[in-house]
Every structure is written in C-alpha cells, then in structure tokens.
Amino acid sequence: MYAADYHVHSTCSPDGKMTMAQAAEAAVRAGLDEICITDHVDTIYWGSNAPRSSFDWAASMAQYREAVGKFGDRLVIKLGAELGEANLAFDRADFLINSAEKLDFSIGSVHTCSEKFDCMDLYFLEGGKSPAFYAAVIEDYLDSVLAIAKWGRFSVLGHLTLPLRYLKEHLRLDMSFAPWMDRVEEIFSIIIPKGIGIECNTNRGNDPLPDADILRFYRQMGGEIITLGSDAHEVKDVGCVIKERQELLKDCGFRYFTTFTGGEPAFQKL
C-alpha cells in the first residue's frame, strides 16, 4: 500500500526541529513512499502577531534541493506550504503564496483566534475557564475556518478540529465538535464544489483531527480529496500512524487518499 505523509515541518518553520533532508531520511526509515514538506507560511509572526511581509523561499528551496539530492532516488519528495491565518490578511496571504518558486501542495490552516480574542494562539489556551468561554473559542475558530474556505487558495483544509488538540490533550477537557456540525456542514458545502479537500491529521499518534465521525460525514457529503499528514516537527514523528490512519479512512468509506503534483491531485488506492 502506497504511504505518504503530507504534513511535515522543517527548520524553515519557526517550530521545526529537523532539516528537510533529515525528514526525508526519517521517511525512508519509516517505509514511506512520499512526503510533502509543508512549512508554516503565516500572515503574522509568531509571538508578536506583527504582519509578515515575506518568507525565505530561497532557504526553503535550498533545503528542498538538498533533500532531493540525498534521498530522491528512494523517496518522492514534494514541496508545499501550510498557509496559516490567511483570514487575518488575505492580501498578505496572496502575496506570500505568489512569491513561492515552486509548490506542489498547500494546507489552509487556522491556529489562532480572531481579533476578538486578540489573535490568541490556540496552543496557549488556559485552563480554569467556563464552558461558555471554550465554546466561544470554538465558534470563533470556525468563523475563521469558514472565511478561509470562502477564500479557497489552498489544496486542503488542515486539521479541522484543531482546538480539540489543546482542549483535550493539554487541558483534559471532554469536548467534541458535535454541537457545531451545522457549521462543519457549511464549510464542507463550500470547499467540496471548489475541489478543495481536507486533511486527516494523524496528530502525531493522538486522536486524529478530525475524528471518524467528521471524516465519515465529509465522505457522505461527497468529499473525496483527502490527505494524510503526521504534523511532524521532529524526526521521531515523520510518518507517525500514517498507515494505521489509512485503515481509518477505509472504515469511513474512502477508497483513495490524495497526493499532489503542481497543485493537481492524484488518487492513491487505499
């Protein structure tokens, strides 16, 4: 069975801890056939939320060529990007992506709250708040996801239920997106006709983002484009439970998962 990890970060991301060559080497060891490097290309700088006006594509291409030179005979290596926080400045997002020399694939993601919550990074959600507060955060997040879905300049929507990573894994809160399935349906009704897919983020071996219920719902709505990505930021997580999540996709009614070349999807049999 063909195996591809389509969410991998290198040191070209502010939180990446491996070079692209190191990621490729780890992918070969993990028995993968293909990876796509998807470094963070965000409209704001982490920590300060200052507007980002550029991305070092030259450094990214240098690492990419090194990885292909060392491991391209054993592994298909694609270059992509994770476009974060486009909803905060669509003009900057357009400029950043248009500046890229070569991209095979892109993930549209939201990692922060909107200006209503001072663009708070979801990673820093604090415990001890009321259920109404956490519900408001999820609703705010979904507003932002809806906005980028309407914008639509990306291949797949990344880790749709991202707030649950922090609510469940960091704060140990038992929450789901069940109360907001109408919002999920609205998002799917926008992206599916556009030929935009979703990601099954394997979440480095934790609960997948989104979970089986939402994956199954996406398929029932006619969604077919879906990638698998570990969200690896270091060597140990490259390819993490990719093959196991292929089985999950089959259980949810998918017959194929998706890889990309030059922005065009290709369907790989599960």
Side-chain angles (χ1 to χ4, degrees), residues 7 9 13-17 38 40 42-44 46-47 49 82-88 107-149 154 156-188 191 198-218 226-234 236-237 240-242 244-245 248-249 252:
H7 196 146
H9 294 281
S13 289
D15 56 351
K17 299 177 182 177
T38 54
H40 290 289
D42 303 320
T43 62
I44 56 176
W46 291 16
N49 291 336
E82 183 174 9
L83 307 173
E85 285 51 75
N87 55 295
L88 297 179
I107 302 171
S109 295
V110 174
H111 304 91
T112 69
C113 297
S114 73
E115 292 92 338
K116 288 186 287 187
F117 288 86
D118 298 321
C119 301
M120 175 186 63
D121 192 317
L122 292 166
Y123 181 88
F124 296 109
L125 273 173
E126 296 180 348
K129 304 289 187 179
S130 69
F133 174 83
Y134 297 123
V137 166
I138 291 176
E139 289 169 5
D140 180 77
Y141 167 81
L142 286 169
D143 286 342
S144 297
V145 172
L146 181 62
I148 69 167
F154 51 90
V156 303
L157 185 64
H159 42 52
L160 174 60
T161 53
L162 182 65
L164 298 183
R165 174 184 287 172
Y166 309 115
L167 291 168
K168 296 174 74 171
E169 295 171 27
H170 291 187
L171 304 182
R172 305 301 177 189
L173 296 174
D174 184 19
M175 297 189 70
S176 78
F177 266 40
W180 296 280
M181 287 304 293
D182 58 334
R183 304 291 303 282
V184 172
E185 181 176 9
E186 183 179 7
I187 290 164
F188 288 165
I191 63 171
I198 68 169
E199 169 192 50
C200 175
N201 188 297
T202 72
N203 197 20
R204 302 185 285 271
N206 295 299
D207 290 345
L209 306 171
D211 64 11
D213 288 343
I214 293 179
L215 293 172
R216 192 172 290 112
F217 183 56
Y218 170 72
I226 189 163
T227 57
L228 289 148
S230 65
D231 215 342
H233 290 70
E234 52 189 310
K236 69 180 181 65
D237 292 323
C240 186
V241 299
I242 289 291
E244 291 86 344
R245 295 299 176 255
L248 171 64
L249 293 188
C252 292

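Not measured: the values here are computed from a predicted model.
Atom CG of L164 and atom CZ of F177 lie 5.0 Å apart (nearest 0.5 Å). Note that CD1 of I242 is 8.0 Å distant from SG of C200, once rounded to the nearest 0.5 Å. In this structure, W180 CH2 and M175 CE are separated by 4.5 Å, a value rounded to the nearest 0.5 Å. The line from CD of E186 to CD1 of I191 is 12.0 Å long, rounded to the nearest 0.5 Å. Atom NE2 of residue H7 and atom NE2 of residue H233 lie 6.0 Å apart, to the nearest 0.5 angstrom. Distance check: I226 CD1 to I198 CD1 gives 4.0 Å after rounding to the nearest 0.5 Å.
Side chains of D211 and T161 form no contact here, defined as non-hydrogen atoms less than 4.5 Å apart. Counting heavy atoms from C-beta on, the side chains of L209 and D231 never come closer than 4.5 Å. Side-chain contact between V110 and E85 is present, with heavy atoms from C-beta onward closer than 4.5 Å. L142 is not listed as a side-chain neighbour of E139, based on a closest heavy-atom distance of 4.5 Å or more. R204 is listed as a side-chain neighbour of R165, based on a closest heavy-atom distance under 4.5 Å. I138 is not listed as a side-chain neighbour of R183, based on a closest heavy-atom distance of 4.5 Å or more. With contacts defined as side-chain heavy-atom distances shorter than 4.5 Å, the pair F188/L160 qualifies. L171 is not listed as a side-chain neighbour of K129, based on a closest heavy-atom distance of 4.5 Å or more.
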Enumerate donor-acceptor pairs with a distance under 3.5 Å from any side-chain N or O in residues 117-124 to protein atoms, sequence neighbours excluded.
from, atom 1, to, atom 2, distance (Å)
D121, OD1, Y123, N, 2.9

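Evaluation of the side chain to side chain contact (heavy atoms under 4.5 Å, CB included) rule for D207 yields K168 as partners, not counting sequence neighbours.
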Could you walk me through whether T112 and L88 pass side-chain contact (heavy atoms from CB on, under 4.5 Å), step by step?
CA-CA 10 Å; T112 69; L88 297 179; 4.2 Å; yes
Run the side-chain contact (heavy atoms from CB on, under 4.5 Å) check on D143 and K116 step by step: do they pass?
CA-CA 11 Å; D143 286 342; K116 288 186 287 187; 3.8 Å; yes
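In terms of heavy atoms, Y134 sits closest to G128 at OH-N, 3.4 Å. The two residues A147 and N87 have their closest heavy-atom pair at CB-CB, 4.2 Å. Of all heavy-atom pairs spanning F217 and M181, the tightest one is CD2-CE, 3.5 Å. Of all non-hydrogen atoms in E199 and G158, the two that sit nearest each other are OE1-CA, 3.4 Å. Across C113 and V137, no two heavy atoms sit closer than the pair SG-CG1, 4.0 Å. Taking each heavy atom of G84 and D42 in turn, the nearest pair found is CA-OD1, 3.0 Å.
When each of L228, V241, L248, I214 is tested with P208 by the rule side chain to side chain contact (heavy atoms under 4.5 Å, CB included), just one qualifies, namely L248.
In this structure, a donor-acceptor pair under 3.5 Å is absent between the side chains of D237 and S230.
A donor-acceptor pair is defined here as one N or O able to donate and one able to accept, closer than 3.5 Å; such a pair exists between the side chain of T202 and the backbone of C240. At distances below 3.5 Å, not a single donor-acceptor pair connects side-chain atoms of T38 with backbone N or O atoms of E82.
Classified by interplanar angle (parallel below 30°, tilted 30° to 60°, perpendicular above 60°), the ring pair H159/H111 is perpendicular.
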